[in-house]
Amino acid sequence: MRPAASRFGRWSGRPPTRECGEATAASRARSADLSESRSETPAGDGAAPDDAAPVGDVPSIYIARLADHVGELVELRGWVDKRRSSGKIGFLELRDGSPDTVQGVVSRKEVDESSWEAMQAATQESTVRLVGRVVEDARAPSGYELHVSELEVLQATEEYPITPKEHGTAFLMENRHLWLRSSRQRAILRVRSAAIAAIREFFDRRDYVLIDSPILTPAACEGTSTLFETDYFGDPAYLSQSGQLYLEPAAAAFGKVYCFGPTFRAEKSKTRRHLMEFWMVEPEVAFLEFDGLCALAEEFLAAVVGRVLERCRGELESLERDVSVLERVQAPFPRMRYREAIELLQGEGKELQFGDDFGAEEETILASQFDRPLMITHYPVASKAFYMQPDAEDPELALALDVIAPEGYGEIIGGSQRIHDHDLLARRIDQHELPRQAFQWYLDIRRYGAFPHSGFGMGLERFVAWLTRSPHLRETIPYPRMLHKIYP
RNA sequence: UCCUCGGUAGCUCAAUGGUAGAGCGUUCGGCUGUUAACCGAAAUGUUGGGGGUUCAAGUCCCUCCCGAGGAGCCA
């Protein structure tokens, strides 16, 4: 940290030297954009002119753009991902945020003394600046290498905690802020980012309006889960466990709406399938009835999985994900009524009765019967939330839908048609011993222009865990919040 | 909250109740094509805390703390 500090000025404040003299209008405009373009993500579709920042005669580029500069001299800046060295040649694997890393080859006879010394000082995770020529090389995993002519260490890192060998999850979780740099974590979080983009795109293209539901709420949404309580100017307030109830009024204003934000559950769950804070996307659609809801969930999953497959092939490959499982996510999905599921499980030797909930093991048995997501419908009213519409043909059954992901990832989607009859909903609120006063606004939706409507919620982390076949949800969110764990 | 397993070097792990070990990382040296590079050398310990049994405890007993997995609950 010592001598490097003085180098940061040069690092961040380097003036674009082509500014004066023969600078064209275009190059001047690009130089003015310097700071902005440099902070852009390097993994874009190719639109970002990140190579528009000249340093002397050498363009400063991202690894993702190497292919456009074969044979040219370029500057790269980033972190030493790995380093291997021999007596007179060194290999420095550079990471700059691009999906791939690139290997810089530093040959003693081709660089000056200070660059060679820098090679010795460039320990794992040191920040470095490389200038060199881009060459194609079949030996390089990404197909390109940088033949380094100049190497500068911006900060030499000492004793980086995460070594190239194995580590336990407890240690990695304590170092989550550093673990993010690892290739596997980068791939998973890129898939998460792409999944979020695909989800938004799905709804935006279908003219849904994004409604941000509140995170601080005055009372329990569904009255079931344990909630985080906080002090709201002397009154208790709770962190939201679902945006759905707040979405229903908005559906009367905009027809098709969705929310997508963090959700909080204070359940003392301590399994690979639980987080205290997770992200949930919830669409809600006016005049959509149960069959339409099932079709929407099906279309949604197929479209989003398809988009992620398009955009994250490389990430899924590096995670050694069997993408054929994801390629099969095409409508129609298998469907099964709750009663059939119970019978199937009884046939497997499970001692289950009508009315019982499925545990993780039961869900896995059911899902393993099929090669794509399984839709289970028509659950007993008693086992579901108070607002779910009863089936007209059998009022003991709720028009509820769960989608179970294959491969043991459990329920990723839960949804239902909502009760739109005022008196029935009021009765249910009373039966569940919920405070009628607190739900007055919710009942209002059934007083002023009632309409049938349906919606579902999908837990983002479970979805991403399934996409990436992650063993635990904690790897699918940048900073997981787990039972008694809130660091870093 | 309950059940199971665990806590030894910075990390991953060994060690019949009898001298505290290895690999990686670090430091030093060697090596011109390495891909978790390789070869040689060195430094690194309050064995999670407290109490007990014993001639002797990393090891056995009690207790507390911390971690991992699972159950319940859920997305």
Side-chain angles (χ1 to χ4, degrees), chain A residues 81-93 101-111 116 119-120 123-125 135 137-142 145 147 156-175 178-179 182-184 221-222 224-227 241-244 262-282 356-363 383-385 401-405 409-415 456-466 471-474 476-477 482-485 487:
Chain A
D81 211 60
K82 295 186 189 74
R83 180 182 59 156
R84 298 169 287 274
S85 76
S86 182
K88 289 173 180 140
I89 189 168
F91 303 95
L92 198 153
E93 205 170 316
T101 56
V102 72
Q103 172 167 282
V105 183
V106 185
S107 179
R108 185 167 199 171
K109 67 182 177 192
E110 289 171 20
V111 298
W116 186 250
M119 181 64 204
Q120 316 309 311
T123 50
Q124 189 193 356
E125 291 304 326
V135 296
D137 194 312
R139 288 171 293 191
S142 65
E145 279 187 349
H147 282 191
T157 286
E158 288 172 26
E159 305 217 28
Y160 184 68
I162 300 178
T163 68
K165 292 281 177 175
E166 289 160 18
H167 297 284
T169 48
F171 173 77
L172 290 169
M173 283 304 304
E174 279 293 302
N175 291 282
L178 304 176
W179 193 20
S182 303
S183 61
R184 180 181 160 77
C221 265
E222 305 185 8
T224 52
S225 256
T226 315
L227 304 183
Q241 61 159 336
S242 165
Q244 181 213 316
T263 299
F264 306 88
R265 305 272 166 96
E267 304 282 357
K268 296 200 170 176
S269 298
K270 186 177 158 54
T271 82
R272 66 183 70 200
R273 295 183 309 281
H274 289 92
L275 295 170
M276 302 300 109
E277 176 182 308
F278 64 98
W279 283 61
M280 188 154 66
V281 56
E282 299 173 274
D356 290 345
D357 283 327
F358 305 134
E361 195 192 336
E362 282 84 15
E363 283 181 351
S383 71
K384 287 289 180 181
L401 161 75
D402 282 358
V403 180
I404 315 286
Y409 283 92
E411 184 187 337
I412 50 172
I413 282 182
F456 66 77
M458 181 176 81
L460 178 69
E461 287 75 15
R462 281 193 185 174
F463 179 62
V464 174
W466 170 52
H472 198 300
L473 288 198
R474 65 183 157 221
T476 64
I477 186 168
M482 300 187 294
L483 189 58
H484 304 136
K485 278 187 75 82
Y487 176 92

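Side chains are part of it too, since the values below use all heavy atoms of this structure and drop only hydrogens, waters and symmetry mates. We name chains A, B, ... by the order of the sequence lines, and we start the count at 1 in each one.
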Between B:A75 atom C1' and A:H472 atom NE2, what is the distance in whole Å?
14 Å
In whole Å, what separates the C1' atom of B:G18 from that of B:C60?
15 Å
May I ask you to verify if any side-chain N or O of A:H167 is less than 4.0 angstrom from the OP1 or OP2 atom of B:G10?
no
Given atom NZ of A:K485 and atom C1' of B:A68, what is their separation to the nearest angstrom?
10 Å
What interatomic distance, in whole Å, is found between C1' of B:G52 and the corresponding atom of B:C13?
29 Å
Distance check: side-chain N/O of A:R273 vs OP1/OP2 of B:A71, anything under 4.0 Å?
yes
hbond_proxy A:H274 side chain to B:C74 base (donor-acceptor, 3.5 Å cutoff):
yes
A:R265 has an atom CZ; how far is it from atom C1' of B:C73, in whole Å?
10 Å
Contact pattern, 5' to 3', of nucleotides 20-33 of chain B - B, S or - by protein heavy atom under 4.0 Å:
----SSS----BBB
Across the strands shown, which category fits A:F171 at heavy-atom distances under 4.0 angstrom: base, sugar-phosphate, nothing?
sugar-phosphate
For A:R184 and A:P471, work out which heavy atoms get closest and say how close.
NH2-CD, 3.4 Å
Roughly how many Å is it from CE in A:M173 to P in B:C11, rounded to a whole number?
16 Å
When the distance from CD of A:E125 to C1' of B:G10 is rounded to whole Å, what number comes out?
16 Å
Can you tell me how far P of B:A75 sits from CG of A:D357, to the nearest Å?
11 Å
Using the C1' atom in both, what is the distance from B:A41 to B:A68, to the nearest Å?
38 Å
From A:D137 CG over to A:H147 NE2, what is the distance, rounded to the nearest 0.5 angstrom?
6.0 Å
To the nearest angstrom, the CD1-C1' distance between A:I162 and B:G10 comes to 12 Å
Assign A:L473 to base, sugar-phosphate, or nothing according to its heavy-atom contacts below 4.0 angstrom with the strands shown.
base
Please classify the nucleic acid contact of A:L460 as base, sugar-phosphate, or nothing, using heavy-atom distances under 4.0 Å.
nothing
Taking atom CE of A:M173 and atom CE of A:M482, what is their separation to the nearest 0.5 Å?
4.0 Å
I need the A:E461 CD to A:W279 CH2 distance, nearest 0.5 Å.
9.0 Å
Got a second to check how far A:E267's CD is from A:R265's CZ, nearest 0.5 Å?
7.5 Å
Apply salt bridge (charged side-chain N to carboxylate O under 4.0 Å, His left out) to A:E411 and A:R273, showing your working.
CA-CA 10 Å; A:E411 184 187 337; A:R273 295 183 309 281; over 6 Å; no
Considering all heavy atoms of both residues, which atom of A:I412 and which atom of A:F463 are nearest to each other, and what is their separation?
CG2-N, 4.1 Å
Hey, which of these two, A:R272 or A:G459, hits RNA chain B nearer its 5' end, going by closest nucleotide?
A:R272
Whether the side chain of A:R83 engages the backbone of A:Q120 through a donor-acceptor N/O pair (distance < 3.5 Å, no angle test) should be reported.
yes
B:C74 and B:C61, which share atom name P, separated by this distance in whole Å
39 Å
Of A:K384 and A:R474, whose closest RNA chain B nucleotide lies nearer the 5' terminus?
A:R474
Tell me every residue that passes salt bridge (charged side-chain N to carboxylate O under 4.0 Å, His left out) with A:E125, counting only those two or more places apart in sequence or in another chain.
A:R95, A:R181
Take atom C1' in B:G48 and the same atom in B:C66, then report the distance between them in whole Å.
7 Å
Reading RNA chain B 5' to 3', how would its secondary structure be written in dot-bracket notation, given Watson-Crick and G-U pairs with both distances under 3.5 Å, brackets [ ] for crossing pairs and | for partners on other strands?
(((((((..((((....[..)))).(((((.......))))).....(((((..]....))))))))))))....
A:T271 side chain: which of B:A75, B:G67, B:G70 is closest?
B:G70
Examine distances only and state if a side-chain atom of A:R108 and a backbone atom of A:W116 form a donor-acceptor pair shorter than 3.5 Å.
no
C1' atom, B:A42 versus B:A9: distance in rounded Å?
15 Å
Just checking A:K82: base, sugar-phosphate only, or nothing, at a heavy-atom cut-off of under 4.0 Å?
sugar-phosphate
Would you say A:K270 places a side-chain N or O within less than 4.0 Å of OP1 or OP2 belonging to B:A68?
yes
Between B:U12 and B:G72 - C1' atom distance, rounded Å
34 Å
Counting side-chain heavy atoms from CB outward, which of B:G72, B:C74, B:G69 is closest to A:S269?
B:G72
In whole angstrom, give me the gap between the P atoms of B:C65 and B:G50.
15 Å
Can a donor-acceptor pair be found, under 3.5 Å and without considering hydrogens, that links the side chain of A:Q103 to the backbone of A:F91?
no
Okay, side chain of A:E362, backbone of A:D357: is any donor-acceptor separation there less than 3.5 Å?
no
Value in whole Å for how far the P atom of B:C39 lies from CZ of A:R84:
16 Å
